[in-house]
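Owing to the predicted nature of the structure, the values given are computational and were not obtained by experimental measurement.
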Protein chains: 2
Amino acid sequence: MSKIALLPPFFTSLRRYIDLSKEEEVELAPYLKQRTYLKGQYICQADDICRYQTFIVSGLARTFYLDTGGVEHVISFGMENWWVGDLCSFASQTPADFNVHCLEKTEVVQISYENLEHLYQLNPKMERFFRLIIQNAYIQSQKRIVRNHSLTARERFVHFSDTYPQLIQRVPQYMIASYLGITKEFLSSIRNQIAKELRN
Amino acid sequence: MSKIALLPPFFTSLRRYIDLSKEEEVELAPYLKQRTYLKGQYICQADDICRYQTFIVSGLARTFYLDTGGVEHVISFGMENWWVGDLCSFASQTPADFNVHCLEKTEVVQISYENLEHLYQLNPKMERFFRLIIQNAYIQSQKRIVRNHSLTARERFVHFSDTYPQLIQRVPQYMIASYLGITKEFLSSIRNQIAKELRN
DNA sequence: GCTAAAAGTTAAGATAGTTTAACTTCCTTT
DNA sequence: AAAGGAAGTTAAACTATCTTAACTTTTAGC
């Protein structure tokens, strides 16, 4: 049992960007796969080919890679209503650099490479939808580069806390440090410093 | 006089991603604008609304922004066959954060916001084309975040030199330093160090 | 060609962030 | 309830990078 219907929230998310009739939903549905990952499982692993674009209905995942020294670098978190996956690997169907790792039980809707290419042909609205989704992701990515250039570690942490207050609760601190590009020790000292200032 | 036809290289670039018949080219042409910017001119200025997606046929531009302290941060360079513009401003038709500044005389093909939305309706291939262009830009942007996290300043400079050897010649060093997220003085000392090592 | 402005260099002193390592707290599992 | 491991903290020593400032070289306008 336990597999509830994940398609309604998925279609709700589509409808934020494109108009979709009930008939079109029915047409798309056969190309979509519902799945539940347990805490600790991987949606995508480095060196495998990323076979799916994955929409998170509930739960939480992080995308990270291992550098040549074996150190983990978190490059993003994905939660409700976000898409995750190694887009480079998916688009070219070549081995992934990134791992997508569930930090909680995570329910998803997935589209395989073949099905997505098929859907693009079937309904041009899908092309528009992903153009818009990826466009937003790209804009956010540029803004992150800007922040990395012009903010201090402390300012980046404050921005992160303000932007994703839920994540501060749900994600271990050392992963947030990695996402911000600093060590866990330094993040700890930043938090300590902020806490001290609040006391005064 | 001087305005040569910029559309052929533009269509050649489109054809790398989508099939386009001669008739379709003719159909698109009225929505495209050719323009030449002189060295030093701005394709887009912060606080203005970015009205065009701009394809560079020849020349060179940089995208930069001014932080709250008035310091310039170069976020990208654009040369032949690249698209430039403040995508965030363009997509939402709100004031831009970025400036796009020509470092050389730059010949471009531009599409206005209204015309692009029209073209998306007119021919769904355009939606596909921009989905692919933006997808590549996003993948590159993610890779840049990865490099910023895991490489030293020196390694980032070496990667830049290897990837864009032409730009090393064409772009003032202080702009490259800014792009790499370091000071011009530090880049100077990195180059000095590399030159010394080569002599041994 | 001359001159001023822009770009690049050098070096000393300052600092944000890292490293190491020892310690504490908090979860899990049994 | 005890034990072991994962996560988080603290602090000292260290390093990559920045800041400042004086200097040199290159570029561009007259």
Practice item. For the pair B:F160 and B:Y179, name the ring-plane relationship: parallel under 30°, tilted 30 to 60°, perpendicular over 60°. Key: tilted
Review point. For A:F186 and D:dT10, what is the distance between atoms CZ and C1' respectively, to the nearest whole Å?
Key: 14 Å
Practice item. Tell me yes or no: between the side chains of B:Y31 and B:S112, is some donor less than 3.5 Å from an acceptor? Key: no
**Study point:** Backbone N/O of A:P8 and side chain of A:T12: donor-acceptor pair under 3.5 Å
**Key:** yes
Point to revise | DNA chain C-proximal residues of residues 153-160 of chain A, any heavy atom under 4.0 Å | key: A:A153, A:R156
Exercise for review: Calculate, to the nearest 0.5 Å, the distance between atoms CZ and CD1 belonging to A:F55 and A:I133 respectively.
Suggested key: 8.0 Å
Study note, to complete from the structure: Between the OG atom in A:S161 and the CZ atom in A:R156, the distance rounded to the nearest 0.5 Å is 12.5 Å
Exercise for review: Quick one: pull up CG in A:L180 and CZ in A:R144 and give me the separation to the nearest 0.5 Å.
Suggested key: 8.0 Å
Exercise for review: Report yes if some heavy atom in the side chain of A:Y113 is under 4.5 Å from a heavy atom in the side chain of A:I49; otherwise report no.
Suggested key: no
Review point. In residues 58-78 of chain A, what residues come within less than 4.0 Å of DNA chain C, judged by heavy atoms?
Key: none
Practice item. Classify the angle between the aromatic ring planes of A:Y120 and A:F130 as parallel (below 30°), tilted (30 to 60°) or perpendicular (above 60°). Key: perpendicular
Review point. Tell me the salt bridge (charged side-chain N to carboxylate O under 4.0 Å, His left out) pairs involving residues 162-183 of chain A, sequence neighbours left out?
Key: A:E80-A:R170, A:E104-A:R170
**Study point:** Sole candidate of A:N99, A:T63, A:T54, A:D86 that passes side chain to side chain contact (heavy atoms under 4.5 Å, CB included) when paired with A:I43
**Key:** A:T54
Study note, to complete from the structure: Nt span of DNA chain C in reach of chain B heavy atoms at under 4.0 Å, 5' end first, is C:dA7 to C:dT10
**Study point:** Any donor-acceptor N or O pair under 3.5 Å, side chains A:N115, A:Y52
**Key:** no
Check your understanding: In residues 167-184 of chain B, which residues come under 4.0 Å of DNA chain C by heavy atom?
Key -> B:P172, B:Q173, B:Y174
Exercise for review: Name the orientation class of the two ring planes belonging to B:Y42 and B:H101 (parallel below 30°, tilted from 30 to 60°, perpendicular beyond 60°).
Suggested key: parallel
Review point. Taking atom types as modelled and ignoring hydrogens, do the side chains of B:Q173 and B:R191 form a donor-acceptor contact shorter than 3.5 angstrom?
Key: yes
Exercise for review: State whether a side-chain donor-acceptor pair under 3.5 Å links B:R15 with B:Y17.
Suggested key: no
Table of protein N/O atoms under 3.5 Å from nucleotides 23-30 of chain D N/O atoms:
{"residue": "D:dA28", "atom": "OP1", "partner": "B:K39", "partner atom": "NZ", "Å": "3.4"}

Point to revise | Value in whole Å for how far the P atom of D:dC14 lies from CD of A:E185 | key: 17 Å
Point to revise | Contact check, side chains of A:I145 and A:Q142, non-hydrogen atoms, under 4.5 Å | key: no
